[in-house]
Q: 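Would you mind keeping the following structure in view while I ask a few things?
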Amino acid sequence: MKRIHQLLPDLVHGDAISNHAIWIKRILRAWGYASEIYAVRCYDRKVVKEARIFDPDSILREDGVLYHHSIGCELESFLVGHLGPKCLIYHNITPASYFEPYRPDFARKLRDGREHLRIMAPHFSISVGDSAYNARELAKMGFAKPGILPIAVSPEKWEGPPDEGVMRALSDGKTNLLFVGRIIPNKCIHHLVEAFSAYLSMDPHARLILVGEEHPDDPYCAHVRDVIQREGLREDVLVTGKVSDAQLQAYYRSAHLFWSMSEHEGFCVPLIEAMWYDIPVLAYKMSAVPETIGRYGIMFTEKGDLVSVAALARLLVRDQALRQCVLKAQAKRRDHFLPHVVESHLKDIVQRLESQGE
């Protein structure tokens with residue numbers, strides 16, 4: 001086997017799955033394989049050179065294929081028919097119920113993507129999730145003995161200088177509470193805004209920073225804006241939209257706490273990124289979050305009392321002894337996702353592909 005290619009629906013700058021695919025391509029090429037990323041869509045000029053538009057004739061019968069599955073798309077029929085070595089990498093599919101009240105059309109795509117897993121299961125003898133949580137879901141869908149390929153998170157990504165304008169703006173003495181992730185229903189941004197409202201009663205000189213892609217015409221984004229307005233927080237909540245790497249680095253460098261109320265994550269890369277910036281993490285204990293954080297972070301299990309959750313956030317900001325204890329533990333956890341550690345998992349997959357192709 002001389003070629004191992006990757007397939008996925010979309011390649012997007014800043015997206016965790018896209019970054020994972022780009023990293024895998026570079027490792028495979030370093031190992032001597034010819035390797036390309038084939039995407040159904042790639043409109044993002046920042047990563048357009050990293051991918052080719054999918055053409056079934058570009059992939060030969062004997063080529064190895066790594067398929068990243070996170071939503072239903074047009075690739076399933078090709079993958080079922082591909083008789084060469086192949087592995088499905090599962091990044092999880094958000095339960096459709098989160099999107100049903102806001103975008104029922106997208107909710108249908110999510111249901112289709114989950115159902116397609118059952119269809120593909122008999123055709124993939126090799127499969128992995130990027131977390132044990134995702135691997136367990138693959139097993140429930142009929143995949144035989146799925147493995148784990150974590151997402152590599154390297155501090156080298158942040159070696160460039162942070163955005164000076166953002167750094168100046170956030171160095172005004174206020175407490176900066178940060179969340180990084182798309183403004184979508186399963187992230188429960190509205191819960192975070194409500195909890196932040198309670199936090200302000202304990203620390204009135206604070207701001208909540210929401211860094212992530214936002215679509216103004218999206219009903220859930222509009223709902224989050226309504227909650228911000230209802231709570232009287234227009235001056236206290238900063239919604240940045242999509243940002244550059246330099247800006248993202250500045251937001252991380254300026255943060256006093258990373259705070260997540262998300263109810264569904266297949267992995268959640270920003271949790272590990274926050275650890276590399278020595279930011280204490282406070283997160284809701286659901287889905288893959290406990291596995292990503294491990295026993296090294298602070299999690300809460302109830303949302304019914306947001307004042308208590310806000311009090312825990314305030315404690316992590318104010319109590320220096322507690323902060324140092326948490327940061328020391330997080331420094332151990334983040335090492336589990338260094339590239340050289342994840343490479344060993346990828347090598348196991350490649351060896352299985354080689355055996356399948358013989």
Q: Do the non-hydrogen side-chain atoms of L79 and L88 ever get within less than 4.5 Å of each other?
A: no

Q: Just so I know, are the side chains of V153 and E273 near enough to count as touching, which here means a heavy-atom distance under 4.5 Å?
A: yes

Q: Tell me whether E354 is salt-bridged to K347, with the criterion being a basic N under 4.0 Å from an acidic carboxylate O.
A: no

Q: Going through the distances and angles, do E74 and R41 end up as a salt bridge (Lys or Arg N to Asp or Glu O under 4.0 Å)?
A: CA-CA 11 Å; E74 306 89 327; R41 292 165 294 274; 3.3 Å; yes

Q: Over 60° means perpendicular and under 30° means parallel, so classify the ring planes of F143 and F124, tilted if in between.
A: tilted

Q: Can you confirm if the aromatic rings of F78 and F54 lie within a centre distance of less than 6.0 Å?
A: yes

Q: Hey, are Q330 and R334 close enough side-chain-wise for a donor-acceptor pair under 3.5 Å?
A: no

Q: Heavy-atom distance under 4.5 Å between the side chains of L170 and R207, does that happen here?
A: yes

Q: Closer than 4.0 angstrom, basic N to acidic O: yes or no for K242 and D15?
A: no

Q: State, with a plain yes or no, whether a side-chain heavy atom of E164 is found less than 4.5 Å away from one of M167.
A: no

Q: What class does the angle between the rings of H223 and Y220 fall in, given that below 30° is parallel, 30 to 60° is tilted and above 60° is perpendicular?
A: tilted

Q: For the pair H5 and Y38, name the ring-plane relationship: parallel under 30°, tilted 30 to 60°, perpendicular over 60°.
A: perpendicular

Q: Output yes when R26 and E50 qualify as a salt bridge under the 4.0 Å nitrogen-oxygen rule, no when they do not.
A: yes

Q: Relative to each other, are the rings of H91 and H68 parallel, tilted or perpendicular (30° and 60° limits)?
A: parallel

Q: Does K86 count as lying over the ring of Y67, i.e. NZ or CZ under 6.0 Å from the six-ring centre, within 45 degrees of the axis?
A: no

Q: Is a salt bridge present between E36 and R3, judged by a nitrogen-to-oxygen distance below 4.0 Å?
A: no

